[in-house]
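Have a look at the structure below before the remarks.
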Amino acid sequence: MSQPVLVMKFGGTSVGSPEAIARAARLIREQARRRRVAVVASAMSQVTNRLLATLDAGARGDSATVEANLARLRDKHFAACSDLLPPERQAAVRARMAAILQDFGRIAKGMLLLRERPPRSVDEAAPTGELLAARLVSEVLCAEGVESVAVSGADVIVTDAVFGSAAPFLDETATKAEEALRPLLDAGKVPVVTGYNGSTRDGVPTTLGRGGSDYSAAIVAAALGADALWIWTDVDGILSGDPRIAPDARLLSEVTYNEAAELAFNGAKVLHPRTLAPLAEMGIPVRIKNSFRPDRSGTRISGQVGGREGVRAVTSLSDVVLISIEAANSTLSGAQLMSRALAAAARAKVEVLLLTRSSFRQNFCMLVHGGDVETVLESLRGELALELAHGYLRPIGVDRSVGLLAAVGEGMRGTPGLAGRLFTAISKENVNIIAIAQGSSELTIAIVVNQNDLRTAVSAIHSECGLGRRTERAIA
Ligand code: ADP
Ligand code: ASP
Ligand code: MG
């Protein structure tokens, strides 16, 4: 029987400065004294944005920006190195970092020549920030007497070849994690694995999508059969609303995997949407904690949470697009149209966030992420080319002015009149409801409104349901 392992994931702000890295190392050391610990590290905050902007600049032929960004990235990481490491280690670590940045520079300069950014090359270059941060964290641990090794996620997580949003093969990943990580853990060392990246069976580098380090940590935890995953971030845990929209949002001390997954899927940035699935299957409990205030208890995510009623949290997504498809007359079967459109979206690997249908008008709408719009339209236009050309279908409608909000809570099941109350609260603020969907699980009520009304609608539901810190009203 292998010894229990704790996986600790540190997000961008939690390794975003030399002080933050020092704090993260302290938190790791505390745990590593007591048990086996594997760490998953994100890039320092803003670094991934800068890396991707550098690749964009390359594809535009803007060599000045490429050079300037490379210098800034080098300076930032070299400065952290000087602040954090003993003088005798600095030259070696700087040389390693320079090599990592040189690999990145080679790809960015390739894009300058090509004037394009092939997704495969982007995925090779984008995890550079994680490679640098994992190296720093691991070196700081070593300097403090905790034996540690930096490991690339590419040597642990096996994925498909969907660049920019790869999905893991969990069984193969478990085998690879046993090979790459277990011997380190058995030898009392702390592996610091880069978040965000993996590689295909053939070793081609991939990424798991923006914000994907949470997902990396969940995959590593599942692969190692960890007994817990702690996600360290810059808020006290999962809050009843996005603190930027609902400043009085309250900390939720416990939520279920399902609630957390629904919140993440519908826009709560605190967790990457795909994080919970591998953990829920194995019943691995998760804690979300604030690395800036580690004494706070955070949010615990597990299979069951005792009897709470009504809505627990409300979340929103503003970068979404409503696509509507409408038959010009009743000769086309609505159900067939819908199934073909969904199949087209699935082929394009586009996630449909919400689907609503009016059988009377033979029309239906699907909501997708803003970044997926061109891909899904191309696929839909291909699938429905004949019907569109012959006028059986009206031109596909594209509404970019909408936003999605979602009220989430296990206890919404069997709370009569809840949907009506939410709609009334929104309408009282003169916000028009464009579409509604309630999942069959009754865990979420999703509402599409005009993007400009999103904040008002989120606040209205947050206060109607008594979710804020200042309100003591019953929730149901
Ligand atoms: P990390 O870099 O640690 O992964 P992120 O920036 O990805 O951190 O996620 C944390 C942020 O998520 C918070 O700072 C907060 O602004 C935002 N957020 C949005 N909705 C919620 C919510 N319901 N609860 C907590 N945080 C939320
Ligand atoms: N650094 C990556 C990003 O910014 C992954 C992550 O932070 O989770 O998207
Ligand atoms: Mg994140």
Side-chain angles (χ1 to χ4, degrees), residues 8-17 20 23-24 40-53 73 122-123 125-134 153 157 164-166 193-198 206-220 230-253 255 259-275 288-293 296 298-299 301 311-318 371 405-409 454-455 458 461-462 467-469:
M8 299 173 88
K9 180 258 172 177
F10 291 86
T13 40
S14 301
V15 291
S17 64
R23 205 175 303 118
V40 173
S42 292
M44 294 177 81
S45 43
Q46 294 310 319
V47 165
T48 310
N49 287 345
R50 187 169 297 281
L51 291 163
L52 294 175
L73 287 161
V122 173
D123 271 17
T128 297
E130 273 72 13
L131 292 172
L132 294 165
I157 297 177
S165 180
V193 184
T194 59
Y196 187 39
N197 68 333
T206 53
T207 63
L208 304 170
R210 292 305 307 271
S213 296
D214 299 324
Y215 196 24
S216 305
I219 296 164
V220 167
W230 292 1
I231 293 184
W232 293 93
T233 184
D234 60 356
V235 278
D236 284 347
I238 299 185
L239 306 171
S240 57
D242 184 335
R244 290 161 298 187
I245 299 182
D248 64 334
R250 181 164 59 192
L251 176 70
L252 303 175
S253 55
V255 299
E259 287 171 331
E262 288 284 339
L263 286 170
F265 184 77
N266 290 296
K269 193 190 168 215
V270 65
L271 272 181
H272 181 276
R274 291 190 281 167
T275 307
I288 316 270
K289 283 177 68 80
N290 190 341
S291 68
F292 297 84
R293 299 201 286 192
R296 308 272 160 132
T299 299
I301 309 175
V311 175
R312 311 240 20 237
V314 50
T315 185
S316 63
L317 274 171
S318 56
L405 70 94
V408 175
L454 201 52
R455 294 180 81 91
V458 168
I461 290 190
H462 199 257
L467 301 181
R469 265 180 275 122

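Residues: numbered from 1 along the sequence shown. Being a predicted model, the structure only gives us computed values, none of them experimental. Indexing begins at 1, ligand by ligand and atom by atom, following the structure's order.
Distances between N or O atoms of Lys9 and those of ligand 2 include no value under 3.5 Å. For ligand 2, the polar-atom distance check finds an N/O of Arg210 within less than 3.5 Å of one of the ligand's N/O atoms.
With a 4.0 Å heavy-atom cut-off, ligand 1 is reached by the side chain of Lys9 but not by its N, CA, C or O.
The nearest heavy-atom contact from the protein to atom 23 (N) of ligand 1 is Leu239 O, 3.1 Å. The nearest protein atom to atom 5 (P) of ligand 1, hydrogens excluded, is given as Lys269 NZ, 3.8 Å; this is a heavy-atom distance. If you check which protein heavy atom lies closest to atom 25 (C) of ligand 1, you get Gly237 O, 3.3 Å. Protein heavy atom closest to atom 17 (C) of ligand 1, with residue, atom name and distance, is Arg244 NH2, 3.7 Å.
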Quiz item: Can you list the steps and then say if Thr206 with Asp123 is a side chain to side chain donor-acceptor pair (under 3.5 Å)?
Solution: CA-CA 5 Å; Thr206 53; Asp123 271 17; 5.4 Å; no

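The ligand atoms of ligand 2 that sit less than 4.0 angstrom from a heavy atom of Glu130 are 1 (N), 2 (C), 5 (C). Atoms of ligand 2 found under 4.0 Å from any heavy atom of Ser42, numbered from 1 in the order shown, are 6 (C), 7 (O), 8 (O). Close contacts between ligand 2 and Tyr196 involve ligand atoms 2 (C), 5 (C) [criterion: under 4.0 Å to a heavy atom]. Atoms of ligand 2 lying under 4.0 Å from any heavy atom of Thr48, numbered from 1 in the order shown and given with element: 1 (N), 2 (C), 3 (C), 4 (O).
Using a 4.0 angstrom heavy-atom cutoff, Val235 counts as in contact with ligand 1. Residue Asp234 places a heavy atom under 4.0 Å from ligand 1. Using a 4.0 angstrom heavy-atom cutoff, Gly12 does not count as in contact with ligand 2.
A salt bridge is absent between Asp242 and Lys269: the closest approach of a Lys/Arg side-chain nitrogen to an acidic carboxylate oxygen does not fall below 4.0 angstrom.
Panel note: side chain Arg296, backbone Val235; no donor-acceptor pair is recorded below 3.5 Å. With hydrogens and angles ignored, the 3.5 Å screen pairs a side-chain donor or acceptor of Thr315 with a backbone N or O of Ala268. At least one donor-acceptor pair closer than 3.5 Å links the side chain of Ser216 to the backbone N or O of Tyr196.
When Gly12, Pro243, Ser213 are ranked by how near their heavy atoms come to atom 2 (O) of ligand 1, first place goes to Gly12. Across the listed options Val270, Thr315, Asn290, Val270 owns the non-hydrogen atom lying nearest to atom 12 (O) of ligand 1.
Listed by chain and number, the residues in a side-chain hydrogen bond (donor to acceptor under 3.5 Å, both in side chains) with Ser213 are Ser42 (sequence neighbours excluded). Contacts of Lys289 classified as side-chain hydrogen bond (donor to acceptor under 3.5 Å, both in side chains), with partners at least two apart in sequence or in another chain: none.
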